[in-house]
Structure formats: structure tokens, C-alpha cells
Protein chains: 2
Amino acid sequence: MAKQRTYSQYAQEAAVLMGEQIKLGRKQRQWSEKNLADRAGISRTTLQKIENGEMSCAIGSVFEVATLVGVKLFEPDNLPLSKHIEHTRDKVALLPQRIKAKKKAVRDDF
Amino acid sequence: MAKQRTYSQYAQEAAVLMGEQIKLGRKQRQWSEKNLADRAGISRTTLQKIENGEMSCAIGSVFEVATLVGVKLFEPDNLPLSKHIEHTRDKVALLPQRIKAKKKAVRDDF
DNA sequence: GTAAAAAGACTGTTTAAATGGACATTAGAG
DNA sequence: CTCTAATGTCCATTTAAACAGTCTTTTTAC
């Protein structure tokens, strides 16, 4: 039996929600599974896994089908994603490039 | 040379933004790459790909590291994800189970 | 200034995802 | 009611991701 890894509940729910929103968007557009899979350049089996919230699919495939059916990704306001990227990169730039763990105090009282 | 598929710009920007937000959250927590990778149960190479916005990683890995560093997924309001799933499933339930394409009008005027 | 660890980049092997196809059931258009 | 295609489910093969490890550079703590 293949080893199965565990995920946190939050991560699992996010994948399930993503899948449900993709299924909703596809049905609202009246596209069949084959139709959407062909548009996204993936197989129908892969799309089924995505819509069922499986964790194993490539994020590129997931985001592509989400984009095609109009699921919004990371747009709490109406700024385009490129602006969000800019903002986040600015914040990252303010932090050290490497996270060096502080050395433990050496106890060599002998 | 490996065949490379194309993605829409929106999907690509979403993956880049996700990666940047994960990097920001990791640095804000002062975790090294190895530290976060270990916590998420993935390799350091995989985490590097995720933070660089590559499209090939499993969505489970991406969502897991995002969860660990506090990146919010699909929470425009403060409802828990389970509520969003419920709402979305209710909407899906109102639509037909299968999307049957309408038959093209048959022209048999001979 | 020094030492060590973090990060960047790469590689060969192992593991698993993606695929195309098959088959059965049944939902939905007409 | 009938017919067809959509969906569910499964499988063997192909393709690629994940991994552990290595090496180099340079950043950071002291």
C-alpha cells in the first residue's frame, strides 16, 4: 500500500474549496469535464482529481482551470496580482536574505 | 529538451504571488528553508520551487507550507473554510449534475 | 575578521502523477 | 420513451516530480 502523507485540516479544506469552486464555475459556464480539460490542456482524469480536492495535482493545472472558470485567486481587493506581487516583494526585501539561527550559548564550565 | 506547456498569465502570477507570500511568512517567522521544509514534510528543493512560483509542484505541498507560515487561502471574510465549502456545495447542488451540450440543429433539407 | 550555515544550483535515482483508453451507469435533450 | 454523451471508476504505460545528496558562494552571528 502506497504511503499516504498527512496534511493539515486547513490545507485540505482549501483544496476541497478550490475544487468545489472550479466545479461551480465550470457548471455555470455549462462546460463538460472534457470541455474544460481540453481547454486547460490536461486529461479528464486529472480534472476529476482537481474538482475532488485531491492534493496530488500540480498547482499549475489547478490554477489554470481555476483561471478558465473565473475563480479569483488572491484578490481580496481589486488590485491586479502584479501589484500584490510587487508589494510582497518589497516586504521580503526588507528582511534578511538568510535566516541564520542564533548560536546556542556555549556551556563549557569544566 | 522537455516539452514545456504554457499557462495563462493570471495563473502564473497567482503562483508567483503564492510563492512570495510563503517566502515572506517564512522569513517573518525566522525559519530557514530546511526548517520549513522539514515541518511540511517535503524536500528543500521542492520548497525552493514553490517559493519561486514554479507550476509543477503538488498543490498539497504548496497549501501545506502556506498554512504553516500563515498565508490565508480563500478567506475574504472571516468565515471558516468549512462554511465556504458548504455555501459552494449548495450552489453546485442547484445546477444539473451533467452538462449536456445542446444538439446542433439538424439541417436535412434535401 | 572568522566560522558556519543558509541559499542557489545541479544531478542521478526513486517514486508517483498524468495520460489515454475502456467500460458501465444514468442524466438530460429531444 | 429513446438515444447519446457525461460522469464515475479503473488500469497499464509514459512522463515527470520528489528526493537526497553535492558543491559553491556568500550572508550572518559572534
Side-chain angles (χ1 to χ4, degrees), chain A residues 1-7 15 19-20 22-24 26-65 92-108, chain B residues 1-7 15 19-20 22-24 26-65 92-108:
Chain A
M1 176 167 296
K3 190 197 309 186
Q4 195 121 0
R5 62 158 294 167
T6 58
Y7 293 97
E20 289 294 330
I22 286 168
K23 177 176 287 185
L24 176 65
R26 174 176 64 81
K27 293 194 168 193
Q28 280 170 340
R29 278 162 177 66
Q30 302 199 340
W31 291 349
S32 67
E33 287 181 349
K34 183 184 187 321
N35 191 350
L36 176 53
D38 288 347
R39 290 169 185 267
I42 63 176
S43 73
R44 188 170 68 88
T45 311
T46 300
L47 177 62
Q48 283 174 337
K49 290 176 190 286
I50 290 172
E51 288 193 354
N52 288 334
E54 285 193 28
M55 306 291 254
S56 55
C57 306
I59 189 165
S61 305
V62 179
F63 278 9
E64 190 70 7
V65 299
V92 170
L94 295 178
L95 297 174
Q97 211 168 331
R98 304 178 182 198
I99 310 296
K100 198 79 181 286
K102 290 181 172 53
K103 268 174 174 168
K104 291 185 181 113
V106 177
R107 293 180 51 99
D108 56 349
Chain B
M1 179 169 291
K3 187 197 309 186
Q4 196 118 6
R5 63 157 294 167
T6 59
Y7 295 97
E20 288 293 329
I22 286 169
K23 177 176 287 187
L24 176 64
R26 173 176 65 82
K27 293 195 170 192
Q28 280 170 337
R29 279 164 176 67
Q30 301 200 342
W31 290 349
S32 66
E33 285 180 352
K34 181 184 187 324
N35 191 351
L36 177 54
D38 288 347
R39 289 169 185 266
I42 64 176
S43 73
R44 190 169 70 85
T45 310
T46 300
L47 177 62
Q48 282 176 336
K49 290 176 190 287
I50 289 171
E51 289 193 353
N52 288 334
E54 285 193 29
M55 305 291 252
S56 55
C57 306
I59 189 168
S61 304
V62 179
F63 279 7
E64 189 70 6
V65 298
V92 171
L94 294 177
L95 298 173
Q97 209 170 333
R98 303 180 182 194
I99 311 296
K100 199 76 183 291
K102 290 178 172 56
K103 268 175 174 170
K104 290 183 178 120
V106 176
R107 291 180 53 99
D108 56 352

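In this text the structure is predicted, and so the values were computed from the model without any measurement. A note on names: the letters A, B, ... follow the listed sequences, proteins ahead of strands, and every chain is numbered from 1.
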Not counting sequence neighbours, which residues clear side-chain hydrogen bond (donor to acceptor under 3.5 Å, both in side chains) with [X]? List them please.
X	result
E54(A)	none
R98(A)	none
T46(A)	S43(A)
R29(B)	none

Apply side-chain contact (heavy atoms from CB on, under 4.5 Å) to Q28(B) and list each qualifying residue two or more places apart in sequence or on a separate chain.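 side-chain contact (heavy atoms from CB on, under 4.5 Å) check on Q28(B) returns L95(A), L24(B).
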What residues form a side-chain contact (heavy atoms from CB on, under 4.5 Å) with Q30(B), not counting sequence neighbours?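 side-chain contact (heavy atoms from CB on, under 4.5 Å) list for Q30(B), sorted by chain: I99(A), K102(A).
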Separation of [X] atom [atom1] from [N] atom [atom2], in whole Å?
X	N	atom1	atom2	result
R98(A)	dA7(C)	CZ	C1'	5 Å
R5(A)	dC19(D)	CZ	P	8 Å
E33(B)	dA5(C)	CD	P	16 Å
L95(A)	dA7(C)	CG	P	12 Å
M55(B)	dA18(C)	CE	P	14 Å
K100(B)	dT7(D)	NZ	P	10 Å
Q30(B)	dT28(D)	CD	P	12 Å
I59(A)	dA17(C)	CD1	P	16 Å

Side chain of C57(A) only, heavy atoms from C-beta on: which candidate in dA18(C), dG28(C), dT28(D) is closest?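 Ranking dA18(C), dG28(C), dT28(D) by closest atom to the C57(A) side chain puts dA18(C) first.
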Salt bridge (Lys or Arg N to Asp or Glu O under 4.0 Å) partners for K34(A), two or more places apart: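 Salt bridge (Lys or Arg N to Asp or Glu O under 4.0 Å) list for K34(A), sorted by chain: D38(A).
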For K27(B), what residues pass the salt bridge (Lys or Arg N to Asp or Glu O under 4.0 Å) criterion, not counting sequence neighbours?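 Result, salt bridge (Lys or Arg N to Asp or Glu O under 4.0 Å) vs K27(B): none returned.
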Give each protein N/O atom lying under 3.5 Å from an N/O atom of nucleotides 13-15 of chain D, with the pair distance.
none

With nearest nucleotide decided by heavy atoms, which residue, A58(B) or P96(B), maps closer to the 5′ end of DNA chain C?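 It is A58(B) whose nearest nucleotide is closer to the 5' end.
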Going from NZ on K23(A) to CD on E33(A), what distance comes out if it is rounded to the nearest 0.5 angstrom?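 Reported value, rounded in 0.5 Å steps: 7.5 Å.
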Does anything in residues 39-54 of chain B reach DNA chain C, meaning a heavy atom under 4.0 Å, and if so which residues?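 Nucleic-acid contacts, sorted: R44(B), T45(B), Q48(B).
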Once you build an axis from the first five pairs and another from the last five of the helix from dG1(C)-dC30(D) to dG30(C)-dC1(D), how far apart in angle are they, to 10 degrees?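 About 80° separates the two local helix axes.
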With a 3.5 Å cut-off and just heavy-atom distances, do the side chain of K34(A) and the base of dT7(D) make a donor-acceptor pair?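 No such pair is found, so the answer is no.
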Taking the nucleotide of DNA chain D with the closest heavy atom to each, which residue, S56(B) or I99(A), is nearer the 5' end?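 Closest to the 5' end, via its nearest nucleotide, is S56(B).
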A side-chain contact here means heavy atoms from C-beta on lying under 4.5 Å apart; do L47(A) and R39(A) qualify?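 No; the side chains remain at least 4.5 Å from each other.
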Please tabulate, for side-chain N and O atoms in residues 55-65 of chain B, each donor-acceptor pair with protein atoms closer than 3.5 Å (sequence neighbours left out).
unit_1 : atom_1 : unit_2 : atom_2 : d
E64(B) : OE1    : S8(A)  : N      : 3.0
E64(B) : OE1    : S8(A)  : OG     : 3.2
E64(B) : OE2    : S8(A)  : N      : 3.3

Testing the basics here: between L36(B) and E51(B), what is the closest heavy-atom pair and its distance to 0.1 Å?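 In terms of heavy atoms, the two residues are closest at CD2-OE2, 4.5 Å.
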